[in-house]
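Proteins come first, then strands; the chains are lettered A, B, ... in the order of their sequence lines, and each starts at number 1.
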Protein chains: 2
Amino acid sequence: MLSRMTCDCPLYAQEIGSGKYCKYGVKSLIQDYCSFDWSIIMAVTQMDIAERVGVDQSLVSVVLSNKPTPIKVSVATRQRILQAVKEMNYRPNLLARALAKGKTHTIGFLTASSFLEITAAMLTKMDDFAEEAGYEVHSVHTRAEFDLTVKRAHKLIGRGVDGLIISGAFPSIPPSQLQAELSFSVPTVLFSLGTPMPFACRQVYQGSSFGVKQAVDHLYELGHRQIYMIGAKWKGWEADLRFAGFNEGIESHSLGGAKEKLYHFPTYRHTNEDGRRVRDDNRIVSATKEFVKNHPDCTAIICVSDDLAMPILDTFTRMGIRVPEDISIVSFGNDPATLYTHPPLSTIDTPVRKLTQATFDLLMDGIDNKNKEPKEVVIPSELILRQSSGPVRKDLRLTICD
Amino acid sequence: MLSRMTCDCPLYAQEIGSGKYCKYGVKSLIQDYCSFDWSIIMAVTQMDIAERVGVDQSLVSVVLSNKPTPIKVSVATRQRILQAVKEMNYRPNLLARALAKGKTHTIGFLTASSFLEITAAMLTKMDDFAEEAGYEVHSVHTRAEFDLTVKRAHKLIGRGVDGLIISGAFPSIPPSQLQAELSFSVPTVLFSLGTPMPFACRQVYQGSSFGVKQAVDHLYELGHRQIYMIGAKWKGWEADLRFAGFNEGIESHSLGGAKEKLYHFPTYRHTNEDGRRVRDDNRIVSATKEFVKNHPDCTAIICVSDDLAMPILDTFTRMGIRVPEDISIVSFGNDPATLYTHPPLSTIDTPVRKLTQATFDLLMDGIDNKNKEPKEVVIPSELILRQSSGPVRKDLRLTICD
DNA sequence: TTGTAGGCGTTATCAT
DNA sequence: ATGATAACGCCTACAA
């Protein structure tokens with residue numbers, strides 16, 4: 001942002017502090033003499049327009065704001081002003097406007113990670129909704145760290161966002177602290193895929209338990225009795241709706257203790273020196289082999305994410321384990337890539353559009369209606385049947401030639 | 001953003017327009033009576049602090065800015081002010097600060113798509129560099145559309161960003177228009193992976209031609225003579241450095257006309273109703289089959305992106321074409337996933353860290369040193385040899401049982 | 001129909 | 001050491 005005081009154009013400097021144009025009229029003076037587009041060098045203000053046209057700056061403001069009662073300015077001056085606006089290539093200083101109006105038409109979106117397909121999809125959809133409603137989305141990521149999330153939220157508020165969307169789950173933070181630190185002076189909607197915030201607030205989340213329960217039922221009907229859930233090592237499973245749904249399904253069919261059926265894979269993602277997010281498939285291969293070795297009775301698995309299911313499916317295939325003939329797989333997330341695996345994965349949908357719509361609507365309700373009442377919106381998700389799940393195998397004990 | 005005028009607290013309303021605290025002191029008054037954190041309801045300003053402490057607002061500003069000469073305020077008042085700042089949970093209005101200082105410590109990053117792994121990686125790295133330098137990155141995406149890019153760039157400038165990074169290539173826009181519309185009043189760096197802007201400007205791009213030439217040389221040395229480049233249908237290939245490198249390699253070894261060796265796949269990506277980006281692998285499968293059928297002499301391919309190479313490799317495998325025994329593949333991008341394909345793909349690196357660093361540095365040079373000279377920074381990229389490229393097969397004509 | 005004046009929340013430069 | 005005062009660019013009564 002170039003301040004008018006930093007311009008080192010000689011003509012400009014010369015005119016400063018002398019006569020009528022001492023302070024503001026210089027740019028239009030210059031434009032009279034040469035046709036160079038000064039808006040590229042320094043910002044043109046309403047004052048500049050006003051002085052060039054010979055009216056007061058407030059008139060320029062009135063003309064530009066183009067209120068429902070536009071017949072308060074004579075057609076002639078209106079024309080001259082608009083003409084000058086065009087000629088001088090005026091662009092409003094949105095900071096000043098925001099300061100004056102107390103509104104920026106901006107919403108802040110705090111995302112846990114930029115690498116997730118779901119983040120990209122939500123961001124893109126959110127942008128569509130926002131554009132339509134006359135808002136801009138400013139996204140900043142938080143590395144899924146709580147402190148950074150809070151810090152950047154305050155920064156965004158300081159920057160004047162009209163509303164805030166915060167995505168992420170923070171299972172290691174006590175609920176009281178969450179409630180205290182996630183309260184802001186602007187309308188806020190908390191968003192998470194499967195882990196609702198453990199306190200009364202305005203939030204949207206995926207009702208993942210429904211889909212997972214469906215998956216267990218589906219597998220049960222196919223004759224499966226040894227169903228495992230596979231996820232990464234994470235503190236948050238107890239509060240996660242995916243696990244809740246799994247637990248519900250397992251219990252309703254008396255298939256054992258859900259906790260014992262939740263199998264933790266080792267961490268399989270890291271960021272390399274070049275800043276890229278790497279999925280270490282070797283780790284997944286060995287973890288898969290170990291799982292199969294230790295659980296030869298397993299006939300079906302439910303993976304907590306497509307990202308995990310796809311390499312596991314691949315590993316099975318290379319091990320000679322047929323899917324679904326030997327083991328059935330149900331995945332989670334409906335990543336478009338699951339359409340083209342071999343076989344295509346049965347997966348629990350993540351209805352991105354609905355989730356984004358609901359989040360945006362809830363935020364707009366907060367902004368437009370100053371609604372601050374806690375409200376939870378749950379978007380249920382359904383099981384999508386494809387070819388990775390089938391009838392239980394005959395030999396309940398799996399034998400593998402390694 | 002809540003304006004102070006919209007507060008409907010009765011005590012506040014009652015006090016308005018009466019006596020010393022008529023306008024500003026209400027919040028601190030209220031805070032004296034109840035311990036509720038009003039900063040959650042409405043913004044606390046320096047004025048509020050000042051009135052509570054009983055000093056002038058400008059003093060608060062001085063104390064908070066903590067200039068190199070901090071010994072201008074008595075220790076006592078300084079303490080009292082800081083105390084009040086803490087108690088009232090003051091947070092600066094960054095809009096006002098920006099307006100007054102003419103600087104936001106913010107940079108705008110216009111990204112072509114949120115779905116690309118490379119975008120996520122750059123965003124994350126950029127955020128690291130920015131954080132370290134005391135800047136914030138605000139990213140908005142542009143759907144790779146030129147008009148939207150320009151429009152949003154101006155919006156960001158209006159919002160006061162100190163600098164701009166614009167990613168993308170716009171082969172269908174004439175250079176003169178590019179030059180005209182991509183000139184802004186703030187320091188700007190243009191960034192692209194393989195298609196430099198066709199005019200003098202400050203830009204960073206990957207020197208892809210080097211890596212691709214290396215790939216051709218590498219394949220040539222392995223005995224390959226029928227080398228094809230495979231990419232999506234796109235207007236921009238003529239100006240793309242990947243094609244330039246391919247051309248250079250093909251010509252230097254007299255392997256034919258590069259243009260005829262550039263094979264266009266049909267569009268294989270689209271956005272579904274749910275807002276998710278889908279790679280249609282079925283299309284890639286049929287296109288691959290058609291390619292092989294029409295080019296039985298081909299012994300090696302260079303794919304313009306990993307995203308295309310991976311499903312092609314998969315298709316080859318399922319067709320019974322062995323890689324690299326029957327056909328060699330060299331890919332482009334060094335997506336971490338290429339480490340774990342079967343076999344792992346030889347690929348041309350995209351040095352994300354270096355690219356991001358160079359882009360950020362060039363922007364900072366523009367911001368700090370007001371450097372506006374056109375400057376091109378080229379980051380060369382090297383071929384990474386893995387297992388998908390090997391000696392040319394014996395039978396030069398490939399026979400496939402379909 | 002147009003101009004004047006005050007405010008938005010800061011920073012910065014003067015006086016005192 | 002502290003307080004006035006004038007920017008920053010824009011909006012909005014209200015006055016002329």
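One end of the helix from C:dT1-D:dA16 to C:dT16-D:dA1 points its axis 50° away from the other end's axis, with each axis taken from 5 pairs and the angle rounded to 10°.
For B:Asp368, the side chain to side chain contact (heavy atoms under 4.5 Å, CB included) partners are B:Tyr135, B:Met364, not counting sequence neighbours. A search for salt bridge (Lys or Arg N to Asp or Glu O under 4.0 Å) contacts involving A:Arg152 returns B:Asp127, B:Glu131, not counting sequence neighbours. With sequence neighbours excluded, no residue forms a salt bridge (Lys or Arg N to Asp or Glu O under 4.0 Å) with B:Asp56. Scored by the side-chain hydrogen bond (donor to acceptor under 3.5 Å, both in side chains) test, A:Ser183 finds no partners at all (sequence neighbours excluded). Every ring-ring contact (aromatic ring centres under 6.0 Å, His included) that A:Phe170 has, sequence neighbours left out, goes to A:Phe146. Every residue two or more places apart in sequence or in another chain was checked for a salt bridge (Lys or Arg N to Asp or Glu O under 4.0 Å) with B:Glu181, and none qualifies. Applying the side-chain hydrogen bond (donor to acceptor under 3.5 Å, both in side chains) criterion to A:His154, with sequence neighbours excluded, gives B:Arg91.
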Item to check | side-chain hydrogen bond (donor to acceptor under 3.5 Å, both in side chains) between A:His141 and A:Ser114, intermediate numbers included | outcome: CA-CA 7 Å; A:His141 73 239; A:Ser114 304; 3.2 Å; yes
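Between the P atom of C:dT1 and the CZ atom of A:Arg80 lies a distance of 15 Å, rounded to the nearest Å. Rounded to a whole Å, the CG atom of A:Leu99 is 9 Å from the P atom of C:dT10. Atom CG in A:Asn93 sits roughly 8 Å away from atom C1' in D:dC10 (whole-Å rounding). Spacing between atom CD1 of B:Ile49 and atom P of D:dG3 amounts to 15 Å, rounded to whole angstrom units.
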Item to check | Heavy-atom protein contacts under 4.0 Å, nucleotides 11-16 of chain C, coded B base, S sugar-phosphate only, - none | outcome: BB----
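Within 4.0 Å (heavy atoms only), A:Val60 reaches no atom of the nucleic acid at all.
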